[in-house]
Amino acid sequence: MRNQIRSRIGIRIGSRRRPRCLGVALAATAALITLPLAHTPAVAVTQADCATADAAQGRPAAASSTENPGTPASAAFDGDTSTRWSSQFADPQWIQVDLGAVEDLCSIDLHWETAYGKDFQLQASTDGQNWTTLKTVTGATGGTTSYGVSGFGRYVRMYGTARGTGYGYSLWEMAVHTTATGTTGPVQGGGDLGPNVIVVDPSTPNLQQKFDDVFKQQESAQFGTGRYQFLLKPGTYNGINAQLGFYTSVSGLGLNPDDTQINGDVTVDAGWSGGNATQNFWRSAENLAITPSNGTDRWAVAQAAPFRRIHVRGGMNLAPTGYGWASGGYIADSKIDGTVGPYSQQQWYARDSSVGGWTNGVWNMTFSGVQGAPATDFDSGPYTTLDTTPVSREKPYLYLDGNDYKVFVPGRRTNARGVSWPNTPGTAIPLDRFYVVKPGATAATINAALAQGLNLLFTPGIYHLDQTIDVTRPDTVVLGLGLATLVPEGGIDAMHVADVDGVRLAGFLIDAGPVNSDTLLRIGTPGSTAGHSADPTTMQDVFIRIGGAGAGLATNSVVVDSNDVIIDHTWIWRADHGSGVGWDTNRADYGLRVNGNDVLATGLFVEHFNKYDVYWSGERGRTIFFQNEKAYDAPNAAAITHDGKVGYAAYKVADSVTSHEAWGLGSYCNYTADPSIVQADGFEVPATSGISMHDLLVISLGGNGQYAHVVNGTGAPTSGTGTVPSKVTSFP
C-alpha cells in the first residue's frame, strides 16, 4: 500500500493513505410565517412617541411583481434613494416588508419616483395573511409623504389600487417607524456570546496561554464534546502561535482581514497522530491577516477545515512536519502573498483567491477564480484551473462595528476572480436581530425565534433537538461558531429550509442521532419550481457526520429541492472510524441528493455511503471539485451490486438529466473488508451532448479493491498496489 511520488521540488513524498474517516414565489412570501403570539397594541400613540429610526431598513421584502430584475422589492428598503422598486404596469400591486417581530406602528414614509400611487392603502399584519388597513389614501400626487398610523403588526405593506401614471408603482424608499415601547416578542435577540466564545484583544493578559490551554484539550479530541471559538478584536497581535485542535475556530472581528493582524502563526500540524494529517478535521480560520514568524504558515488539514478570508503575508505549507500523509482541503476569498506548497496533500480546492505561486501536489488540485493559479495540466499532473467561479457568495461572518456586534452577509458575485475584500458588497445585520443560541436552548425556542423573524447564531456547543428546526423566512441567516453541533433525536430530521430566497446556512455540524432520520438537512420542498438565481440559498461550511461520535443513522444526509442553491464547501461523511461504525450500525444510503435545477457545488467532499455518495437528478447542475472515498466496510461485492453492476458510483447523474457539467472529480476505493471487490465505475452519467465532465480520476488505495473504469465503462482500470490514478480528461 505504498506509493512514492516525486514532488515538483525534488522531495520524495509518500502519498499512500492510511484508512481514515475520511411572480412568482414572492407573492407567497407573506404567508410563510405565523406568529404564535397574542399582542395588545399600544393605545393613544402620539407622533412624539415615534422613533426616528427606520424599522424596515434592510429587512426582508416582497412584492406582487417587479418591472425588471433591476427594480426588486428590497431596493425600497435599502436606505439608498438612488435605487427603487417598480411594479408591472397594472392594478392592483403591493409591496411589503417583514419587520421581524410584531411592533407598534406609528408612521409610514413613502418616497415615490415619478410613477406614483394615486389610490392605495397602508396595511399591517401579524401573520402575513390577514391584513388590517391602517390608512386609506386617495388622490395622492406622489413625492415624499409621511403618514401617521396607529396599529400593530410584523408585516407592513402598501397596497396600490390606482396608479397616478400609465406606468407601474415605483418607490425609492418606504420607511416604517415604531414606538419606543414596541414589542420584540418573547424570544429576545442579541445578548452575550456564551462561555465558549473567547473574545480577546492585543492587550489581553496571558493570551498565548489561552490558545495553548484550548489546544491542549482539543488537540486529539476527535470525537470530544468541547467546542471553542476565538474572536480577535481588530489590532496587532505580536508573537502569537494559535494552534488549532478539533472543534476550534479563530476569527478576526474586523470588517476586513487586514483589520486584525497576527505577527505570528495560525497553525495546524499532526504531532498528535505521528505526523499523519489525514484526520485533522473540524476546525477553521477566518478574516485575519497573518505575517508568519518564519515566512510560511503551516495549515496541514484534512476535510472540514476551511481557510477563509485570510491575508497571509508570506507563504503557506499545507503538509505536516516531516511531509507525512495529508488529505485536504479548502481555501476561499484569501490572499497568499507567497507560494503555497501542498507537498503531500492528495487533493485541494481553492476559490476566488490570489496566490503568489503554487507548487507541487499529488492527485487533484482544482482552482476557480484564483489569481496566480497554475495552468491546467491534468493529463500529466494534478491541476484543473477555471479562470473564474460562475456564481459565488462569501460566508457570513461576525464583526465589530464600534462596540456593537453585527453579522456581515456578503453579496452575490458572478464570474468572480480574486478576493472580495476590501469593500465587499453586502449587508450588515445587528446582533439584536439574531437569537444567540446557547447550550441548553430547546428546539421549541429556536423555532419560536425563527417565527418571530430572528436569525440564528449558534454559539459553540452540542444541541440535541427534539423537533426539526424550520427555516421559513427568506434571507434568514443560520450561522454557527466553533463548529456548533446539531443532533436530531428520535428519528426526526435536523433542519428543513423552505423554498424561499436567500437563506444562508454556515458554520455548523449536523451529527446523526441513534434513531434513523429520513433526511438530516433538506433545502426546499419536493417539487419546488420557483427560481432563486438573483438571491440563492447558500450552504457553506455545513458538515454532516453519521457515526464516529456514536451510532448514527440517516437514509439521506442532504437533499436539495430548491433551484439555484450554492453548496460552497461541505464534508458529508459516513464515518469509517470512531465509535458506532459498521456497515449497518451507521447505515446511511445517500450523501447528497440534488433534485433542484441550476444548483452549483464548489468544494464538494462526500464519503463512504452505503449507496450513492452523490445522486444528481436536477438539470443544469455544476460541480467544481469533488473528493470521495467509497465505503471501506462493504462486506462483499454482493452487498453493493445493483442493476447488474458492482458498486454504486461515487457521483451519479440521473439518466433523465440532459444537462450537467463538472470539473476536477476524484473517487478512491479502499475496500478493507473485502479487497477483492472490483467497482464498475467511479462515475456514471447520461451519455448525451448536454453532459460535459472534465478531469476525472479514480484510485485504488494500496490495492484494497479496484475500479474497472473511470466513467461509464471508459478509462483504464486501476490495478496492483501502486496507488496510481486512472484518468479521463473529458467525457463524453
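Along the sequence shown, the residues carry numbers beginning at 1. Computed from a prediction, not measured in an experiment: that's the story for all the values here.
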Side-chain touch Leu465/Val487, heavy atoms, less than 4.5 angstrom: no
Supply the atom-to-atom distance Leu244 CG to Glu219 CD, rounded to the nearest 0.5 angstrom. 11.5 Å
So Asn364 and Thr366, side chain to side chain donor-acceptor pair (under 3.5 Å) or not? Walk me through it. CA-CA 6 Å; Asn364 184 15; Thr366 302; 3.0 Å; yes
Nearest heavy atoms of Ala300 and Ala319, plus distance in Å: CB-C, 3.4 Å
Test the Arg574-Phe609 pair against the cation-pi criterion, namely NZ or CZ under 6.0 angstrom from the six-membered ring centroid and within 45° of the ring axis. no
Donor-acceptor under 3.5 Å (His642 side chain, Gly647 main chain): yes
Can you find a side-chain donor-acceptor pair between Thr658 and Glu619 that sits under 3.5 Å? yes
Grab the two heavy atoms, one from Ile510 and one from Leu521, that are nearest each other, plus how far apart they are. CD1-CB, 4.0 Å
Is any side-chain N of the basic residue among Glu661 and Arg620 closer than 4.0 Å to the acidic one's carboxylate O? no
When rounded to the nearest 0.5 angstrom, what is the spacing between OG1 in Thr602 and CD1 in Ile624? 6.5 Å
Give, for atom CD1 of Ile546 and atom CG of Leu520, the distance between the pair rounded to the nearest 0.5 Å. 5.5 Å
Are Lys630 and Tyr671 in a cation-pi contact, defined as NZ or CZ under 6.0 Å from the six-membered ring centre and within 45° of the axis? no
Salt-bridge present (Arg309, Asp333; N to O < 4.0 Å): yes
For the rings on His569 and Phe543, is their centre-to-centre separation under 6.0 Å? yes
Could you tell me whether the side chains of Asp352 and Ser392 share a donor-acceptor contact shorter than 3.5 Å? yes
Please report the closest heavy-atom contact between Ser700 and Gly720, naming both atoms and the distance. OG-O, 4.3 Å
Can you confirm whether the side chains of Asn595 and Asp561 place a donor and an acceptor under 3.5 Å from each other? yes
Where the side chain of Asn636 meets the backbone of Ala639, is there a donor-acceptor pair that is under 3.5 Å apart? yes
Looking at residues at least two apart in the chain, or sitting in another chain, which of them share a salt bridge (charged side-chain N to carboxylate O under 4.0 Å, His left out) with Asp695? none
Should the pair Arg351 and Tyr330 be classed as cation-pi, given the thresholds of under 6.0 Å to the six-membered ring centre and 45° from the axis? no
What pair of heavy atoms forms the shortest contact from Pro320 to Ala326, and how long is it? CD-CB, 4.0 Å
Main-chain N/O of Thr278 paired to Ser327 side chain as donor or acceptor, under 3.5 Å: no
In terms of relative ring orientation, are Trp571 and Trp282 parallel, tilted or perpendicular, with 30° and 60° separating the classes? tilted
Looking at Asn280 and Asp269, would you say the former's side chain and the latter's main chain have a donor-acceptor pair under 3.5 Å? yes
Within 45° cone of Trp616 ring axis and under 6.0 Å: Arg622 NZ or CZ: no
What I want to check is whether the side chains of Asn196 and Thr459 have a donor and an acceptor closer together than 3.5 Å. no
Would Gln706 and Gln679 count as a side chain to side chain donor-acceptor pair (under 3.5 Å) if you check the C-alpha gap in whole Å, the side-chain angles of each, and the deciding distance to 0.1 Å? CA-CA 6 Å; Gln706 303 289 343; Gln679 168 108 10; over 6 Å; no
Closest non-hydrogen contact found for Thr641 with Val646 is OG1-CG2, 3.8 Å
ring-ring contact (aromatic ring centres under 6.0 Å, His included) test vs Phe307 passes for just one of Tyr349, Trp299, Trp348, namely Trp299
Side chain to side chain donor-acceptor pair (under 3.5 Å) between His608 and Asp576: does it pass, once the steps are laid out? CA-CA 7 Å; His608 307 309; Asp576 62 272; 3.1 Å; yes
Picking from Phe605, Trp663, Tyr651, what satisfies ring-ring contact (aromatic ring centres under 6.0 Å, His included) with Phe626? Tyr651
CG (Asn704) and CG (Asp674) are apart, to the nearest 0.5 Å, by 10.0 Å
Side-chain (Asp568) to main-chain (Met539) donor-acceptor, under 3.5 angstrom: no
What distance do Asp499 atom CG and Ile523 atom CD1 have between them, rounded to the nearest 0.5 Å? 11.0 Å
Side chains of Arg227 and Thr485: any donor to acceptor distance under 3.5 Å? yes
Side chain Gln540, main chain Arg393, donor-acceptor under 3.5 Å: yes
Under a 3.5 Å cutoff, is there a donor and acceptor pairing between the side chains of Asn610 and Asp589? no
Nearest heavy atoms of Ile677 and Ala634, plus distance in Å: CD1-O, 3.9 Å
